[in-house]
Amino acid sequence: MDPSLVSRAQRGDEEAFALLAVGVGNGLLAVAHRILRDVDLAKDATQQALLSIWRDLPKLRDPARFEAWSYRILVRECYTEGRRTGAWGSAPRLLAADAPDTTDALGEVHDRDQLERAFRRLTVEHRAVVVLHYYLDLTLPEIAQTLGISQGTAKSRVHHAMRGLRAAIDADARPAIREVAQ
């Protein structure tokens, strides 16, 4: 993101902000969708994030940090949206980038479904760090800075999220215990 464009937007240039919003909008929406697992909730969170970004942009001290700062605001809006609705998403919808390859499609669909069920069991805080780390390829220090948490907390959340995913997948793989009538 061009720091001079950010500086212009900070001074109230609406055209500059529109260019910034177009530049980060799709990325914000994709991250929100991956966290909230619902297109409509993701759109709401993204819209709220863009409003907050516009309102708080004059407070941004380092224009070079605009993109990371924007993701921090988005994640906060995802938390708010998730709490507001009382649910973290309804029926999953795949984004085009998530469309399964046709090779061994049945196995991939099963794996994707299993991972989706496990991912839905995570808290939004754990979903956020997984998305930031594995989708955006952010390092732990970058995640910590983006979320405004310590690096140790970021590391702990990634660890617990991955442990939660593994536990959920293992639980789904176990056969159901049936009660035997006596």
Side-chain angles (χ1 to χ4, degrees), residues 24-46 48-49 52-53 65-177:
V24 299
N26 287 337
L28 294 175
L29 180 60
V31 168
H33 179 263
R34 282 171 171 77
I35 293 170
L36 295 168
R37 310 312 290 173
D38 181 276
V39 173
D40 295 327
L41 293 178
K43 286 179 182 178
D44 289 346
T46 302
Q48 287 302 324
S52 295
I53 290 167
R65 299 285 309 142
F66 174 78
E67 203 163 355
W69 177 76
S70 298
Y71 281 113
R72 172 189 259 179
I73 291 172
L74 174 73
V75 170
R76 186 180 67 222
E77 293 299 338
C78 286
Y79 291 173
T80 302
E81 192 65 29
R83 281 190 295 273
R84 185 186 67 77
T85 61
W88 301 116
S90 57
R93 298 181 193 137
L94 296 178
L95 296 177
D98 291 338
D101 190 5
T102 57
T103 59
D104 192 21
L106 185 58
E108 288 185 22
V109 168
H110 176 268
D111 291 347
R112 184 178 303 278
D113 184 50
Q114 190 176 36
L115 187 57
E116 175 68 25
R117 282 192 313 274
F119 194 71
R120 284 179 174 278
R121 292 180 184 167
L122 296 178
T123 65
V124 74
E125 289 84 5
H126 287 149
R127 286 184 196 175
V129 295
V130 168
V131 169
L132 293 174
H133 190 58
Y134 293 101
Y135 177 69
L136 292 180
D137 292 325
L138 297 184
T139 64
L140 291 173
E142 291 169 329
I143 291 170
Q145 185 174 15
T146 298
L147 297 179
I149 58 178
S150 72
Q151 188 173 335
T153 301
K155 184 177 181 179
S156 174
R157 285 187 188 172
V158 169
H159 170 76
H160 288 292
M162 297 312 295
R163 193 174 77 189
L165 282 173
R166 280 190 289 277
I169 289 169
D170 289 345
D172 282 349
R174 280 188 232 121
I177 300 173

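No experiment lies behind these values; they were computed from the predicted model shown.
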Next item on the list: Just jot down the side-chain contact (heavy atoms from CB on, under 4.5 Å) partners of Arg72, sequence neighbours excluded, or say none.
Entry: Thr146

Margin query: Can you confirm whether Cys78 sits close enough to Arg127 that some side-chain heavy atom of one is under 4.5 Å from a side-chain heavy atom of the other?
Written below: no

Next item on the list: Apply side chain to side chain donor-acceptor pair (under 3.5 Å) to His133 and list each qualifying residue two or more places apart in sequence or on a separate chain.
Entry: none

Next item on the list: Please identify each residue that fulfils side-chain contact (heavy atoms from CB on, under 4.5 Å) with Thr46, with sequence neighbours left out.
Entry: Leu28, Leu29, Ala32, Leu50, Leu74

Note to self: Looking at every non-hydrogen atom in both residues, tell me the closest pair between Ala168 and Ala118 and how far apart they are.
What the structure shows: CB-CB, 3.6 Å

Notebook entry, point to check: Should we say atom CG of Asp170 is surrounded by more than 12 heavy atoms from elsewhere, each under 6.0 Å from it?
Noted result: yes

Next item on the list: Check for a donor-acceptor pair, side chain of Ser156 on one end and backbone N or O of Gly152 on the other, with a separation under 3.5 Å.
Entry: no

Check: Once you round to the nearest 0.5 Å, how far does CD of Gln48 lie from NZ of Lys43?
Finding: 15.0 Å

Item checked: Nearest heavy-atom neighbours spanning Arg120 and Arg37 -> NH2-O, 3.4 Å

Next item on the list: Output the distance between atom OH (Tyr135) and atom NE2 (His33), rounded to the nearest 0.5 Å.
Entry: 10.5 Å

Checklist line | Separation between CG of Leu165 and CG of Leu122, rounded to the nearest 0.5 Å | finding: 4.5 Å

Margin query: Nearest 0.5 Å, please: how far is CG in Leu140 from OG1 in Thr153?
Written below: 11.0 Å

Check: Is any side-chain N of the basic residue among Arg112 and Glu116 closer than 4.0 Å to the acidic one's carboxylate O?
Finding: no

Notebook entry, point to check: Partners of Gln145 by side-chain contact (heavy atoms from CB on, under 4.5 Å), sequence neighbours excluded?
Noted result: Arg65

Margin query: Taking the side chain as everything from C-beta on, heavy atoms only, tell me whether Arg157 gets closer than 4.5 Å to Ile149.
Written below: yes

Item checked: Residue list, side chain to side chain donor-acceptor pair (under 3.5 Å) with Thr80, at least two apart or on another chain -> none

Notebook entry, point to check: How far does CE of Met162 sit from NE2 of His126, to the nearest 0.5 angstrom?
Noted result: 11.5 Å

Check: Less than 4.5 Å apart, any side-chain heavy atom of Val131 and any of Tyr71?
Finding: no

Margin query: Among residues at least two apart in sequence or on other chains, which ones pass side chain to side chain donor-acceptor pair (under 3.5 Å) with Arg121?
Written below: Asp172

Item checked: Distance (rounded to the nearest 0.5 Å) between Arg84 CZ and Asp44 CG -> 6.0 Å

Margin query: Please give me the minimum heavy-atom distance between Ala49 and Ile73, naming the atom from each residue.
Written below: O-CG2, 3.8 Å

Next item on the list: Determine whether Ile35 and Tyr79 make a side-chain contact, defined as any pair of heavy atoms from C-beta on separated by less than 4.5 Å.
Entry: no

